[in-house]
Amino acid sequence: MEPLHVLKEREPQIHRKGEAPFSIECNKDSLAGAVSQRACVFCGSRVVLYPIADALHLVHGPIGCAVYTWDIRGALSSGPELHRLSFSTDLQEIDVIFGGEKKLYKALIELIDRHQPKAAFVYSTCIVGLIGDDMEAVCKQVEKEKSIPVLPVMSEGFKGNKRAGYEAACSAMTRLVGTGDISGISKHSINILGDFNLAGEIWLIREYFNRIGVEVVANITGDGRIEDIKRSHGAALNVVQCSGATMDLATMMKKRFGIPNIRVSYFGVEDMAEALYEVARFFKDDEMLEKARELVRMELSTLLPELQKYKTALAGKKAAIYVGGAFKAFSLVKAFRLIGMKVVMVGSQTGTREDYEELEEITDEGTIIIDDANPLELSAIIREKDVDIFVGGVKERPIAYKLGVAFCDHNHERKEMLAGFHGMLNFAREVYGSVMSPVWQFVPRRVSEEKE
Amino acid sequence: MEPLHVLKEREPQIHRKGEAPFSIECNKDSLAGAVSQRACVFCGSRVVLYPIADALHLVHGPIGCAVYTWDIRGALSSGPELHRLSFSTDLQEIDVIFGGEKKLYKALIELIDRHQPKAAFVYSTCIVGLIGDDMEAVCKQVEKEKSIPVLPVMSEGFKGNKRAGYEAACSAMTRLVGTGDISGISKHSINILGDFNLAGEIWLIREYFNRIGVEVVANITGDGRIEDIKRSHGAALNVVQCSGATMDLATMMKKRFGIPNIRVSYFGVEDMAEALYEVARFFKDDEMLEKARELVRMELSTLLPELQKYKTALAGKKAAIYVGGAFKAFSLVKAFRLIGMKVVMVGSQTGTREDYEELEEITDEGTIIIDDANPLELSAIIREKDVDIFVGGVKERPIAYKLGVAFCDHNHERKEMLAGFHGMLNFAREVYGSVMSPVWQFVPRRVSEEKE
Amino acid sequence: MSKMPNYVSTTNACKLCKPLGASLAFRGIEGAVPFLHGSQGCATYMRRYIISHFNEPIDIASSSLGEKHAVYGGSANLKMGLKNVTAKYKPQLIGVATTCLTETIGDDVKMILAEYKDEFHTGIDDPLIISVSTPSYSGTHMEGFNAALKGVVEQLANGGEQNETINILPGFISAADLRYLKELLQDFGIAATVLPDYSETLDGEALNEYPLIPKGGTPLSSIRNMGRAKLTIECGRTFSGETAGSQLLKLFTVPLTRVGLPIGIRETDRFMDVVSEAAGIEIPEKYRSARGRLVDAMVDGHKYIFGKRAVVYGEEDLVVGLTAFLAEIGIKPVLCASGGKSGNMKESIANVLEGLGCEMPEVHENVDFYDIEERASDLDLDLLVGHSKGYSFARRQNIPLIRVGFPIHDRIGGQRLLHIGYHGAQQLFDTITNTIIAKKQDDSDVGYSYM
Amino acid sequence: MSKMPNYVSTTNACKLCKPLGASLAFRGIEGAVPFLHGSQGCATYMRRYIISHFNEPIDIASSSLGEKHAVYGGSANLKMGLKNVTAKYKPQLIGVATTCLTETIGDDVKMILAEYKDEFHTGIDDPLIISVSTPSYSGTHMEGFNAALKGVVEQLANGGEQNETINILPGFISAADLRYLKELLQDFGIAATVLPDYSETLDGEALNEYPLIPKGGTPLSSIRNMGRAKLTIECGRTFSGETAGSQLLKLFTVPLTRVGLPIGIRETDRFMDVVSEAAGIEIPEKYRSARGRLVDAMVDGHKYIFGKRAVVYGEEDLVVGLTAFLAEIGIKPVLCASGGKSGNMKESIANVLEGLGCEMPEVHENVDFYDIEERASDLDLDLLVGHSKGYSFARRQNIPLIRVGFPIHDRIGGQRLLHIGYHGAQQLFDTITNTIIAKKQDDSDVGYSYM
């Protein structure tokens, strides 16, 4: 087995559980030339705000930033689909020289007239800051003229990593929160933060909450609507999923409106159940808690027998996880355990020290924990650990596939609902459908094994 | 130009108008080894009866005869589509040795029980006569048991040509005619014989007749129904299209029920108009005649301007016609004339001497008139006459195409409605769409011309 | 295998008749004219059927028997037909196939042909005349195809000193398959006789003159030498009885290696190994890299198709090969059907599925589309794989039909479909996977633009 | 050409950004690593976009500039990045493309690279470093692609005594196209340098080890020799300004022949004639017969497609080639559109349509899908021809989309689509014709089984 190709500078960001006391560096800038799997600030903002379906999302910059984020995600809407279009000011050399404010203004007016959105988000890109466009001023002007919120998102790509983009997005939404009418909202009410309604997941989660008697005020941002976000300060609780994407908004809402928040995950049965229980516990409502227990019992009674088939087939297979936010990784570790599989690697693009500590805790001996990995590292680990399936996003897919390893997309492009109890079944099915494919017997890795 | 490859025995079947006094041999058996475009008796019967949509059509014989006639035609039904299925007794060696009567009986019972048809036609094939199956007896037996007409069609392939098959088909239908209730039929009523409702043509023709106040009793056989045929002797007139396919039935109906008949064609504007006028004249009804004139005027007033575009483009182009029955050829000659094209060859598989005489009359000097042609003759003529479009059936298509000549399918497989006024427009459009295709500039014939 | 349940009648047969297969095989010999001894209709129907697939002229001569011949025998017409074909086409070979008519009236074709040669052969430019017995009532077009090849070999091949060529009897594959096969053999640098070879005769270029006989086809001189080849590779797992390959072994002791049609990875691997060994060289880079890319593509696409359920129908050997391939890529063949009845399909399928972890599908020989539809109605299908004749079934079920084999009557270019080798598997894989993706995309309310 | 009407905003752009094209071009050089000097997001987004088409890993390094670099310049990060890439990938070449960020902050890349070489080059195994200026705000991915090639040639090629090779600059074609092109050149027996060649690097085999740099690509030694070639064939009719081909002419007096992308019959004829002349041999039989079969097929299928109305969109040269082909087969291109703005598309289209009797379509440069849809709404369309991004438009119009070019994000095997040569035209023809047939068949109430 060839050794793991690791640049010296990268070594502190890789930890093997059991080999040494826990230590990992993280939240560093990507190393130049290392072919990081990370994106940029702009990407972080787009990820968070993208699913707001009745808003105009205008990318102020050259064409690339807009075109690479055109309709790329599985975030569904139950109504308007404005988010699926790709709007750009398509800055040209002349704009870079003379400034793009006028073009931005005209583009905004044109697009708002054309689509009548409920609000507009305007994303700044790398060069916008550099050429000195006063986006704030243009947005204010258009807001006044068109009487809808026009919100600058300060997402210049180079000003940090994806996480900074989350903040910029939250900060833009902050301007909306608190501007709507909150009359008639139930005392048992929440906002769902950090679910992006991939493959319709938020619909399922909302249904669960409805079943235990909780009103959902705003989806933030899966299947999101401007009006809901405006009145989201009327909710009693913010239920936040995912490591960091929307945490800043929750923090702000706590500060400004005193709304407490809890962090949950909807992936895997334990986390999903715990999410419902926690909400019920928050409301200190026994009936609600009993309803939640009943819901979990019911769902599990159909789910677990169905899972058995997959569990039998998958027992002992090995998984590697590399995702954007570490919080999802926790759930995945547990989900794999539920279907009898071993997690041999887990990593994230943007985990914090606390995240990695928790991963250290819940994983088995020998598991590799990695921050901001790159293709060479990932591929070396795949081979070293003889991984059966890799969980990641589209950028990781070809690495797995090239080496003959099954793959599960657990990122924003996926078309399968993986959240909730039903999602757990889909997850098992999807893992099964990839791991058990007969194609692996033809890949060099397996062929050479057989020859050994 | 290489000479026409003609076998000596074939010479009397080819006439060049103007070169000699008219003389042509026809209605001969195909010459062995000559690769005739003709089919067989069975084929003739299938062609005529095929469109009767609520009857079971069972081919008694080895599988080939059934499978080659499975859903091959554009004959549409407004209701049941039993005719689109291919039923066979699929005779095996053992049946050939011990006889196929029992198998036929069982197959009939099985299929009638399964499909509840209004009648069953049972087609004999080459070997059925040879092995001595008494089809008549089996049919009678089943007819008694199942109380629907079960009609043997004596269509052994070798017992003549397609024309003999027409007779066999008509003879089978003869048993139906006269068995239905004819009360309530208008005195201005007709049967439509010899239209097979390709691409829905009979619906158009019926509409024309309705518009001039004529009731259509039975379609024979396009979109045909057993019950209609049973009461078709209640019609005042048989309107027969096509040279021979259903003429025998008309003749019989004249003999048995005294129903007169007229021969018409629905192709081309003159013939279509004349068909309506003739029917009106037959009924000696001035109002009807005026309606017919009005109809023709109306249709032409929209048709002719639309035709102009095609006429302009196609003026002077040359056409060759080779069709099954000569009657259709008359109409085609006129139709081509209407769109400004020259017919340089016309022939048929089954024309009679009278047919060819008429063709001689209506064609221009130099036109080649041919009976029962084969690929070599056709291809030589195409080249000699520098034909722009060939009109024929699927068997002729590759000959035209191989040599780089446009083609119009005017046979039973076509999907375009070519009858009536609307059909004339379609015809022009189709000829245009083939003749004007840019692909011809790439075929060797045109490339070598350009080089000359 | 018998039908299930045992219907007497046949509805929408999943087979064609024997003389059609023989005609196609004869069309694959250089300078040959297929000739049916029977009534005119047979030749005309078959021409029409073949034309609708190949979009090429195919002249099949006929002895055009009439009523009197059924009584007195077809001898005179057969002779006259041969004479006329000889005069007009100047063929190198006439392949005479009988029909149910002439078999039933008991024409002794071998004797008639002997008489004909006595009477008419001049010794100069006389065509060879081959005959084969192909009554429609005793087998399908595949039996006719194989019988013709066997007849050709028996009646033409000679023994003698072994040479360095190999014989390839590739079975009933497409014109594109044949072209691919010949290029492959060339890339191996091995001299081979591929019989039949209708890659040009039934998929020719646009021409300026109508060809009496289209160019191309297996040369007669090569066929004559087949008895001296060092090896015969015969593709097909479901043969019953003697074949061209077994006759070359029996008559001339040419060693025979039987492999399946080279469809999918493993069947192609087997075929390539045999060819490689015969050629004495490694598999060329072009094919090794195509295999590597194929495996890479199979991985890339595997999730879109895993567990999809397919019905496969058509000629038995084609069904066997396709079934193997579907199993290799993770599609479940749930029903494999053919109108043929070699009796060997089930075992052949079991063999090619071995080690793939694929459940054994239902396998039915001697069935028609009525049987197939009835059987399939409770199988929860995702796709059909077979020729055009399954269209109405696919339409009723609202599932896609992957068109392969013969006939393709509702698309153009059926003759250009590539099925064999790694390249063929690649095309099949892309077609199947993209068809499934397209259906998912189009059926979705969302209309994803990434899949 | 300007937009019609002149919208300020862009919706659903019909172009990609400049560094993406440069990255693809660099990926087609042996041992090369593409490197973007800019923020991390650019490289990651482009990788993701390219991956979704090729289903292959593509490592694009980045200098990962952060906020402080925007102020103080990206020099240090660029150098560190180059060092790291050199250490980890051991590349033969690093292709540095700038981004709008680094162009706007005014990094002098040439100078930085000179410094870097001074500082870090050891003289042993140092990679070559090529740089190209590709700010997203000044052109599309095609400009980036061409700029990279020009940069490579300018910075690598040497002059000297003329040799017998030719240079082929095929433009932005698929991996399958490149393989086909190389096989074609081999069949002509001509030594040629095809630049770029990502046929293996972006369409590789399944592997056992993750490749630091995938094998394949145009060898550096060949690129160095491009200045000594006897001819450059450069495919593309819409170039504006200097290109790799024109620079080879200017710097090394290598004769330049410009032809369109060899798509369709006439453009392929022109290409084949040029190659044939350069090779000094006739066009090989394989291609002549493919052409003959293509013409034959075009005749067979012409009636199904005559007069159908198509919109063609994508890169300008691809649009020109496809438009020519559609006109050749009797389909009316009614609207030809591109996000590019060379200013040469209309004239190029007029040129390739000459003599085909085809009305001049509307031609629009610098448009997006909003413009295209708006313009097309009253054009009565039958099909779209272009990349995947037209899907939602096609779906709304309920007309089929013929997927060609880049990107194909909603099917597998986009890299395996063959567009060029007679074989590519054959595949396009079959695909287009069968798509139209399928729609007619499926839309029909009857469900004809013969078409």
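Bear in mind that the values here come from a model prediction, so they are computed numbers and not experimental data. Each chain gets a letter, A, B and so on, in the order its sequence line appears, and its residues count up from 1.
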A.B. asks: At a 4.5 Å cut-off on heavy atoms, which part of B/F87 comes close to chain C: side chain, backbone, both, or neither?
C.D. replies: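 For B/F87, heavy atoms of backbone and side chain both lie under 4.5 Å from chain C.
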
A.B. asks: When only pairs under 4.5 Å are counted, which of C/T99, C/N77, C/D59 shares the most heavy-atom pairs with chain B?
C.D. replies: C/D59

A.B. asks: Given the rule in the side chain to side chain donor-acceptor pair (under 3.5 Å) test, do C/S63 and C/H37 qualify, once you have shown the distances and angles that lead to the verdict?
C.D. replies: CA-CA 5 Å; C/S63 52; C/H37 184 34; 2.7 Å; yes

A.B. asks: For a 4.5 angstrom cut-off between non-hydrogen side-chain atoms, does B/E81 reach B/L76?
C.D. replies: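 B/E81 does not reach B/L76 side chain to side chain.
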
A.B. asks: Got more than 12 heavy atoms from elsewhere within 6.0 Å of CZ, C/F120?
C.D. replies: yes

A.B. asks: Check for me whether B/R46 meets the cation-pi criterion with B/Y68, that is, NZ or CZ under 6.0 Å from the six-membered ring centre and within 45 degrees of the ring axis.
C.D. replies: no

A.B. asks: Using non-hydrogen atoms and a 4.5 Å limit, figure out which bit of C/A13 sits close to chain B: side chain, backbone, both or neither.
C.D. replies: both

A.B. asks: In this structure, are over 12 heavy atoms from other groups packed under 6.0 Å from B/I94 atom CD1?
C.D. replies: no

A.B. asks: Measure distances from C/E205 to the heavy atoms of chain B and classify the residue's part below 4.5 Å as side chain, backbone, both or neither.
C.D. replies: backbone

A.B. asks: Looking only at heavy atoms and a cut-off of under 4.5 Å, which of B/A107, B/S86, B/C43 has the most pairs with chain C?
C.D. replies: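 Looking at each option in turn, the highest pair count goes to B/S86.
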
A.B. asks: What residue in C/G139, C/A61, C/C42 has the most heavy-atom pairs under 4.5 Å with chain B?
C.D. replies: C/A61

A.B. asks: Identify which part of C/K15 has an atom lying under 4.5 Å from any heavy atom of chain B, answering side chain, backbone, both or neither.
C.D. replies: both

A.B. asks: Under a 4.0 Å N-O cut-off, is there an ion pair linking C/R48 with B/E413?
C.D. replies: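 Salt bridge: yes.
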
A.B. asks: Would you call B/D95 and B/K102 a salt bridge, taking side-chain N to carboxylate O under 4.0 Å as the test?
C.D. replies: no

A.B. asks: Picking from B/T89, B/L111, B/V41, which has the most non-hydrogen pairs under 4.5 angstrom with chain C?
C.D. replies: B/L111

A.B. asks: Counting only heavy atoms not in B/K415, do more than 12 fall under 6.0 Å of its NZ?
C.D. replies: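 Counting neighbours around NZ of B/K415, more than 12 heavy atoms of other residues, nucleotides or ligands fall under 6.0 Å, so yes.
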
A.B. asks: What part of C/L101 gets closer than 4.5 Å to chain B, counting heavy atoms only: side chain, backbone, both or neither?
C.D. replies: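 When you check distances to chain B, atoms from both the backbone and side chain of C/L101 fall under 4.5 Å.
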
A.B. asks: Side chain, backbone, both or neither: which part of B/Q92 has a heavy atom under 4.5 Å from chain C?
C.D. replies: both

A.B. asks: With only heavy atoms counted, which part of C/Y89 is less than 4.5 Å from chain B, the side chain, the backbone, both or neither?
C.D. replies: side chain

A.B. asks: Picking from C/L78, C/V33, C/I130, what satisfies side chain to side chain contact (heavy atoms under 4.5 Å, CB included) with C/V96?
C.D. replies: C/L78

A.B. asks: Who wins among B/E396, B/K103, B/R84, B/K162 for the most heavy-atom pairs under 4.5 Å with chain C?
C.D. replies: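 That would be B/K103.
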
A.B. asks: Using a cut-off of under 4.5 Å on heavy-atom pairs, state which of C/M46, C/E67, C/K68 scores highest against chain B.
C.D. replies: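 Going by pairs under 4.5 Å, I would pick C/E67.
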
A.B. asks: Any donor and acceptor pair, going by atom type alone, linking the side chain of C/S338 with main-chain N or O of C/G314 inside 3.5 Å?
C.D. replies: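 Side chain of C/S338 to backbone of C/G314, a donor-acceptor pair under 3.5 Å: yes, one is there.
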
A.B. asks: Which residue out of C/A43, C/G38, C/P19, C/S39 racks up the most heavy-atom pairs below 4.5 Å with chain B?
C.D. replies: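 The residue among C/A43, C/G38, C/P19, C/S39 with the greatest pair count is C/S39.
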
A.B. asks: So, taking the atom named CH2 in B/W440 and the one named CZ in B/R446, what distance separates them when rounded to the nearest 0.5 Å?
C.D. replies: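 Going from CH2 on B/W440 over to CZ on B/R446, the span is 9.5 Å.
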
A.B. asks: Is the closest side-chain heavy-atom distance between C/T98 and C/P135 below 4.5 Å?
C.D. replies: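 Touching, per the 4.5 Å side-chain cut-off.
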
A.B. asks: Name the option with the most non-hydrogen atom pairs under 4.5 Å to chain B; the candidates are C/N12, C/I50, C/I105, C/L82.
C.D. replies: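 Most pairs with chain B among the choices: C/N12.
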
A.B. asks: Checking B/T69 against chain C: side chain, backbone, both or neither under 4.5 Å from a heavy atom?
C.D. replies: side chain

A.B. asks: For chain C, which candidate among B/C126, B/C65, B/S88 shows the most heavy-atom pairs at distances under 4.5 Å?
C.D. replies: B/S88

A.B. asks: Check whether C/K389 gets within reach of chain B through its side chain, its backbone, both or neither, counting any heavy atom under 4.5 Å.
C.D. replies: both

A.B. asks: Output yes when C/E143 and C/K18 qualify as a salt bridge under the 4.0 Å nitrogen-oxygen rule, no when they do not.
C.D. replies: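 No, C/E143 and C/K18 are not salt-bridged.
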
A.B. asks: Between B/G393, B/G129, B/G160, B/C40, who has the most heavy-atom pairs with chain C when the cutoff is under 4.5 Å?
C.D. replies: B/C40

A.B. asks: Pick one of side chain, backbone, both or neither for B/V67, based on which atoms fall under 4.5 Å of a heavy atom in chain C.
C.D. replies: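 Both parts, heavy atoms under 4.5 Å.
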
A.B. asks: Among B/R397, B/K395, B/K106, which residue forms the greatest number of heavy-atom pairs with chain C at distances under 4.5 Å?
C.D. replies: B/K395

